[in-house]
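Structure record follows, encoded as structure tokens.
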Amino acid sequence: MNKILNIIMVLFIAICFFGCEKDDICSGGTPTTPRLMIEFREKDNPSILKPVTNLTAVATGMTTGVVFNEGLSSTDPNRYLTSANKIGLPLKITGETTEYTLTQNSTSTNPAIRNEDKIVFNYTTKEIYVSRACGYKTNFDLTGSPVQEPNTVDSNRWISNIVVETPNIVTENEIHIKIYF
């Protein structure tokens, strides 16, 4: 009787283990949809990185800007500001165009200092299967140079030149666009 009970117990445990599947957890290190990485440089000396003072980036159709300071409260306006020389901008995965308004000195009330430029990024998308847990990610291929829209606020553009360094956006470990100002 004891022998039969042991065999049943072993079979039960074996069935339990064979019925298990791997946990579907997407690890933090798994590649996801990359952002467009932009580097700002001095227009008169292109070898020098140049931070943009109080920069905000707002996509057309959005009410808030790109979050540059995730550690801040969602009600803190500084959450959307940066004075960095490199930024990452998300592109829409459902279209082939994303338009951003980049505003330099965005906290200034002086219109002579505050300056915004609109840039349109055109691209094609490619969905790539990552795993069952992570799903898909989207890579982008820039088609042509970004287009700087006419400045409707004033005729003073702060961006003087935009250069595509890497048109294939598959990782955030490289610079895709250089902006000179």
Side-chain angles (χ1 to χ4, degrees), residues 31-70 72 74 76-128 137-181:
T32 58
T33 297
R35 295 173 296 167
L36 173 70
M37 301 307 291
I38 298 175
E39 187 174 78
F40 297 98
R41 295 199 165 257
E42 171 64 49
K43 69 177 178 180
D44 296 325
N45 190 350
S47 64
I48 297 176
L49 288 172
K50 184 176 180 182
V52 182
T53 306
N54 292 326
L55 175 73
T56 58
V58 181
T60 299
M62 300 300 289
T63 56
T64 59
V66 173
V67 175
F68 293 116
N69 301 298
E70 290 186 21
L72 298 177
S74 62
D76 188 340
N78 292 322
R79 178 178 172 92
Y80 309 101
L81 287 176
T82 187
S83 290
N85 55 25
K86 295 178 187 177
I87 62 170
L89 299 178
L91 298 175
K92 289 191 255 180
I93 61 172
T94 57
E96 295 183 343
T97 299
T98 302
E99 180 179 86
Y100 275 99
T101 299
L102 301 178
T103 306
Q104 178 188 42
N105 296 312
S106 62
T107 57
S108 177
T109 56
N110 182 351
I113 297 174
R114 181 183 166 95
N115 200 338
E116 64 182 42
D117 285 0
K118 267 188 187 174
I119 302 174
V120 178
F121 300 99
N122 297 303
Y123 49 86
T124 58
T125 60
K126 182 178 181 183
E127 281 191 351
I128 297 171
K137 75 175 198 166
T138 302
N139 286 345
F140 306 93
D141 288 319
L142 294 173
T143 55
S145 294
V147 178
Q148 206 171 353
E149 292 291 312
N151 198 336
T152 56
V153 177
D154 61 36
S155 60
N156 185 22
R157 289 185 172 174
W158 67 274
I159 296 173
S160 64
N161 193 18
I162 303 171
V163 175
V164 175
E165 287 292 310
T166 309
N168 302 329
I169 304 169
V170 296
T171 180
E172 293 182 2
N173 296 334
E174 57 191 358
I175 298 300
H176 306 113
I177 303 277
K178 287 184 180 176
I179 293 180
Y180 298 88
F181 72 104

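Note that the structure is predicted; figures quoted are calculated from it, not measured.
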All heavy atoms of P90 vs all of T98, minimum pair found to be O-CG2, 4.2 Å
Would you find a donor on one side and an acceptor on the other, under 3.5 Å apart, between the side chain of H176 and the backbone of T166? no
Taking L102's backbone N and O only, do any of them form a donor-acceptor pair with W158's side chain (distance below 3.5 Å, no angle check)? yes
Which residue is it: T138, L36, T125? I am looking for the one with a side chain to side chain contact (heavy atoms under 4.5 Å, CB included) to I169. L36
Looking only at heavy atoms, which two atoms of L49 and K86 are closest? And how far apart? CD1-CE, 4.2 Å
Any side-chain to backbone donor/acceptor pair from N105 onto I113? Under 3.5 Å, distance only. yes
Where do V164 and G144 come nearest, in terms of heavy atoms and distance? CG2-O, 4.1 Å
Mind checking the OG1-CD1 spacing from T60 to I119? Nearest 0.5 Å is all I need. 11.0 Å
For the residue pair S47 / N45, report whether a side-chain donor-acceptor contact shorter than 3.5 Å exists. yes
Identify, with sequence neighbours excluded, every residue that meets ring-ring contact (aromatic ring centres under 6.0 Å, His included) alongside F140. Y123
Gap separating the OG1 atom of T101 from the CE atom of M62, nearest 0.5 angstrom: 12.5 Å
Could you pull out the closest heavy-atom pair between R79 and E70, with the gap in Å? NH1-O, 3.4 Å
Please round to the nearest 0.5 Å and tell me the distance separating atom CG of N161 and atom NZ of K178. 11.5 Å
Roughly how far, to the nearest 0.5 Å, is CG of N139 from CG of L91? 11.0 Å
Please determine whether the number of non-hydrogen atoms from other residues, nucleotides or ligands lying under 6.0 Å from atom NZ of K43 exceeds 12. no
Taking the cut-offs as 6.0 angstrom to the six-membered ring centre and 45 degrees off its axis, would you call K118 and Y100 a cation-pi pair? no
Which atoms form the tightest heavy-atom contact between E99 and E149, and what is the distance? OE2-CG, 3.9 Å
So, the side chain of R114 versus the backbone of S106: is there a donor-acceptor pair under 3.5 Å, distance only? yes
Would you check if the side chain of E42 reaches a backbone N or O of I48 as a donor-acceptor pair within less than 3.5 Å? no
List the steps, then state whether salt bridge (charged side-chain N to carboxylate O under 4.0 Å, His left out) holds for R41 with E39. CA-CA 7 Å; R41 295 199 165 257; E39 187 174 78; 2.8 Å; yes
Between the side chains of N54 and T107, does any donor sit under 3.5 Å from an acceptor? yes
Grab the two heavy atoms, one from G65 and one from Y80, that are nearest each other, plus how far apart they are. O-CD2, 3.2 Å
Would you kindly say whether N122 and E96 are connected by a side-chain donor-acceptor distance under 3.5 Å? no
d(I162 CD1, I177 CD1) to nearest 0.5 Å is 7.5 Å
